[in-house]
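Read through the structure below, which is laid out as structure tokens, and then see the notes.
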Amino acid sequence: MTFVRACALAEVPVGTAAPVVLGDTEIAVVNTDGGVYAILDCCSHGEVPLSEGEVEGSTIECYMHGSRFDLRTGNPLELPAVVPVPVYPVRVDAGDILIDPDNPIQTQEQ
């Protein structure tokens, strides 16, 4: 795994998401009470940025049609989305959020 710096942890307050681009991949960095997550910044239903949606617990909602995605697995939890969105390995080191954009996490639900 090759982790690269996405942004500073201070740039993403708890309960929010921020868009970052790593190589050719647009990723939503999401800071929750339960940790920091990285999910492809594109709803699988409406192709709009997930980073503009509301964060609740370990989920993020697409602002366009209301689909909610699990930040741990990328699985859609509400219609109209039915296709999972890739999620990426994340770690926080010395105040920086590091993501491995080349190796999406494989989950059993996907």
Side-chain angles (χ1 to χ4, degrees):
M1 284 194 201
T2 303
F3 285 85
V4 295
R5 183 183 186 279
C7 59
L9 181 60
E11 294 176 49
V12 190
V14 172
T16 68
V20 298
V21 178
L22 300 177
D24 294 330
T25 308
E26 295 179 15
I27 296 174
V29 178
V30 186
N31 191 354
T32 72
D33 286 330
V36 178
Y37 299 93
I39 188 167
L40 187 70
D41 196 13
C42 184
C43 176
S44 60
H45 170 260
E47 295 190 23
V48 297
L50 289 175
S51 60
E52 296 181 20
E54 288 188 34
V55 176
E56 184 178 317
S58 60
T59 67
I60 192 164
E61 180 181 49
C62 174
Y63 75 89
M64 180 75 66
H65 298 110
S67 292
R68 188 164 287 282
F69 295 88
D70 186 315
L71 292 167
R72 298 164 297 194
T73 65
N75 289 321
L77 302 174
E78 294 179 22
L79 296 173
V82 294
V83 176
V85 176
V87 293
Y88 301 90
V90 178
R91 67 180 184 209
V92 178
D93 184 26
D96 287 328
I97 297 173
L98 308 174
I99 298 172
D100 182 355
D102 298 325
N103 294 295
I105 296 170
Q106 300 296 316
T107 64
Q108 290 182 335
E109 293 86 0
Q110 290 181 339

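Treat the numbers as computed from the prediction; the structure is a model and nothing was measured. Quick note: numbers below take in every heavy atom, side chains included, and nothing from hydrogens, waters or symmetry partners.
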One should read off an interatomic distance between Arg68 CZ and Leu50 CG, to the nearest 0.5 angstrom, of 10.5 Å
Closest non-hydrogen atom pair between Ala38 and Ile99, with its separation: CB-CD1, 3.7 Å
Non-hydrogen atoms of Pro101 and Val4 that approach each other most closely: CD-CG2, 3.9 Å
Find out whether Cys43 and Phe69 are in side-chain contact, i.e. whether some heavy atom of one side chain is under 4.5 Å from a heavy atom of the other. yes
Distance col, row Tyr37:OH vs Thr59:OG1, nearest 0.5 angstrom, shows 10.5 Å
Side chain to side chain contact (heavy atoms under 4.5 Å, CB included) with Val20: which of Val29, Ile97, Asp41? Val29
Evaluate the side-chain proximity of Tyr88 to Thr25: yes if any heavy-atom separation is below 4.5 Å, no if none is. yes
Close side-chain approach of Pro89 to Ile105, heavy-atom, < 4.5 Å: yes
CD1/Ile27 to OG/Ser51 distance, rounded to the nearest 0.5 angstrom? 11.5 Å
Closest non-hydrogen contact found for Cys7 with Val12 is SG-CG2, 3.8 Å
Not counting sequence neighbours, list each pair that qualifies as a salt bridge (Lys or Arg N to Asp or Glu O under 4.0 Å) and has a residue in residues 82-104. Arg5-Asp96
Is any side-chain heavy atom of Pro86 closer than 4.5 Å to a side-chain heavy atom of Leu40? yes
Using a 3.5 Å distance criterion without hydrogens, assess whether the side chain of Ser44 forms a donor-acceptor pair with backbone atoms of Val83. yes
Identify the two heavy atoms, one from Val48 and one from Cys62, that lie closest to each other, and give their separation to 0.1 Å. CG2-SG, 3.2 Å
Smallest heavy-atom separation, Ala17 atom then Val30 atom, equals CB-CG2, 3.9 Å
Assigning hydrophobic clusters by single linkage (Ile, Leu, Val, Met, Phe, Trp, Tyr; side-chain heavy-atom cutoff under 4.5 Å), is Tyr63 placed with Ile39? no
If you take all heavy atoms of Glu78 and Gly66, which pair is closest and at what distance? OE1-O, 3.5 Å
Just wondering, do Ile60 and Leu71 contact through their side chains at under 4.5 Å, heavy atoms? yes
When rounded to the nearest 0.5 angstrom, what is the spacing between OG1 in Thr16 and CD in Glu11? 10.5 Å
